[in-house]
Amino acid sequence: MIHILNKENTILNKFIAQIRDKRVQGDSMRFRRNLERIGEIMSYEISKTLNYKTEIVPTPLGEAAVEMIGDDIVVATILRAGLPLHQGFLNYFDDANNAFVSAYRKSSKGGKFTIKVEYISSCNLEGKTLLLVDPMLATGASLVMVYEALVEKCGHPKHTHVASVIASEQGVDYAMKHMPAKTTTLWVCAVDAELTSRSYIVPGIGDAGDLAFGEKL
């Protein structure tokens, strides 16, 4: 299942516009904060689909029955670009466990690249609800590789919510074909049609990691 959030007119579209706008992107603090705010909005939307249980909360004048999230949540991201988006999710799912994965493109001649996963820090994922967040879903290959690496080391989550801000049509198709169909929900804010020969999304936003934290060598 896939949810495309910019199909509705909400304040989310303001933040998407600002992270796309090259006139605004030079302010890295604002870029990070916008990704964080987008993460908060996506968290709220995802929260509507989770499992809930009734809890009794004592008040100064009595007791109140409140519906509370019953899922055991783990928020996972891919370093480094995913950190501001991850923080937005953690602002709302503040009692969640966290997972971090180091994955990067290793380029070769002709513009081709392979994806390397070098570091995983995560709790046991068996039976839990995994929120796998990454700002960009380009080819989809790195996302699937990270998911498979997490499962191999940490167990199978009960359900996985993939959350990306900007996705390509190719990345969406690849993710939907290679992630477990019955236990995966894909959430994206916007879907762009084109990928360059170097697998950058067009119109996209550019390199999210560089925009958030500065250019790398």
Side-chain angles (χ1 to χ4, degrees), residues 1-8 10-16 32-79 81-101 120-135 137 143-144 146-167 172 175-176 179-190:
M1 180 181 294
I2 179 171
H3 299 268
I4 303 174
L5 299 180
N6 73 339
K7 289 189 173 183
E8 296 183 7
T10 73
I11 190 65
L12 172 67
N13 290 330
K14 172 185 176 180
F15 306 136
I16 295 172
R32 292 192 302 270
R33 180 63 181 123
N34 280 332
L35 280 181
E36 185 177 338
R37 291 193 285 191
I38 290 169
E40 291 172 349
I41 293 171
M42 297 186 82
S43 297
Y44 173 72
E45 294 296 331
I46 292 173
S47 75
K48 298 176 185 179
T49 70
L50 300 177
N51 297 302
Y52 284 76
K53 61 184 179 180
T54 303
E55 292 189 9
I56 303 301
V57 177
T59 79
L61 300 177
E63 293 183 333
V66 183
E67 295 301 312
M68 302 287 284
I69 293 173
D71 294 323
D72 195 351
I73 294 173
V74 180
V75 182
T77 199
I78 303 171
L79 302 173
L83 289 174
L85 186 66
H86 182 103
Q87 184 60 54
F89 274 80
L90 197 57
N91 289 347
Y92 276 28
F93 298 109
D94 56 328
D95 53 355
N97 278 304
N98 295 266
F100 300 93
V101 180
I120 296 175
S121 174
S122 175
C123 61
N124 186 350
L125 297 176
E126 199 70 38
K128 297 181 180 178
T129 298
L130 176 65
L131 310 184
L132 181 53
V133 308
D134 192 25
L137 180 59
L143 173 81
V144 172
V146 164
Y147 172 79
E148 291 174 345
L150 281 167
V151 167
E152 182 179 357
K153 180 177 180 180
C154 305
H156 289 81
K158 176 179 65 175
H159 195 93
T160 300
H161 294 271
V162 174
S164 290
V165 180
I166 309 293
V172 168
M176 296 301 288
M179 296 287 288
K182 293 183 179 180
T183 59
T184 301
T185 305
L186 180 59
W187 302 78
V188 297
C189 294

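One-based numbering along the sequence shown. Since the structure is predicted, the reported quantities are computational estimates derived from the model, not experimental observations.
Rounding to the nearest 0.5 angstrom, the gap separating the CD1 atom in Ile16 from the CD1 atom in Ile11 is 10.5 Å. To the nearest 0.5 Å, atoms CD1 (Ile41) and CG (Leu5) are separated by 9.0 Å. The structure places NE2 of His86 at 11.0 Å from CG of Leu132, a figure rounded to the nearest 0.5 Å. One distance of note links CG of Asp72 with CG of Asn124; it measures 9.5 Å at 0.5 Å rounding. With rounding to the nearest 0.5 angstrom, the CG atom of Asp134 is 10.0 Å from the CG atom of Leu79. The distance from the CD atom of Glu36 to the CG atom of Leu83 is 11.5 Å, given to the nearest 0.5 Å.
Closest approach of Lys153 to Ile120, counting heavy atoms only: NZ-O, 3.0 Å. Across all their heavy atoms, Leu143 and Ala175 have their closest contact at CD2-CB, 4.1 Å. Of all the heavy atoms in Gly88 and Ser43, the pair that sits closest is O-OG, 4.0 Å. Across every non-hydrogen atom of Ala81 and Pro135, the tightest pair is O-CG, 3.4 Å.
Residues Leu50 and Phe93 have side chains in contact (heavy-atom distance under 4.5 Å, counting atoms from C-beta outward). Put simply, the side chain of Ile46 reaches to within 4.5 Å of the side chain of Phe89, judged on heavy atoms. The shortest side-chain heavy-atom distance between Ile38 and Leu12 falls under the 4.5 Å cut-off. Side-chain contact between Cys123 and Asn98 is absent, with no heavy-atom pair separated by less than 4.5 Å.
A salt bridge is absent between Glu40 and Arg37; no separation between the charged side-chain nitrogens and carboxylate oxygens falls under 4.0 Å.
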Please tabulate, for side-chain N and O atoms in residues 183-190, each donor-acceptor pair with protein atoms closer than 3.5 Å (sequence neighbours left out).
unit_1, atom_1, unit_2, atom_2, d
Thr184, OG1, Pro180, O, 2.8
Thr185, OG1, His159, NE2, 2.8
Trp187, NE1, His161, ND1, 3.1

### Message
Under the criterion side-chain contact (heavy atoms from CB on, under 4.5 Å), I'd like the reasoning laid out for Leu150 against Val101: C-alpha separation, chi angles, the key distance, then a yes or no.
### Response
CA-CA 8 Å; Leu150 281 167; Val101 180; 3.9 Å; yes

### Task
Please test Lys128 against Asn97 for side-chain contact (heavy atoms from CB on, under 4.5 Å), starting from the C-alpha separation and ending with a verdict.
CA-CA 10 Å; Lys128 297 181 180 178; Asn97 278 304; 4.2 Å; yes

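Annotation: Tyr44, atom OH; neighbour count of heavy atoms from other residues, nucleotides and ligands within 6.0 Å does not exceed 12.
When atom types are taken as modelled, the side chain of Asp71 and the backbone of Ile73 share no donor-acceptor pair closer than 3.5 angstrom. For the pair Glu126 (side chain) and His156 (backbone), a donor-acceptor distance under 3.5 Å is present. At distances below 3.5 Å, not a single donor-acceptor pair connects side-chain atoms of Asn6 with backbone N or O atoms of Ile4.
Screening Leu130, Thr129, Leu125 for a side chain to side chain contact (heavy atoms under 4.5 Å, CB included) involving Lys158 leaves a single residue, Thr129.
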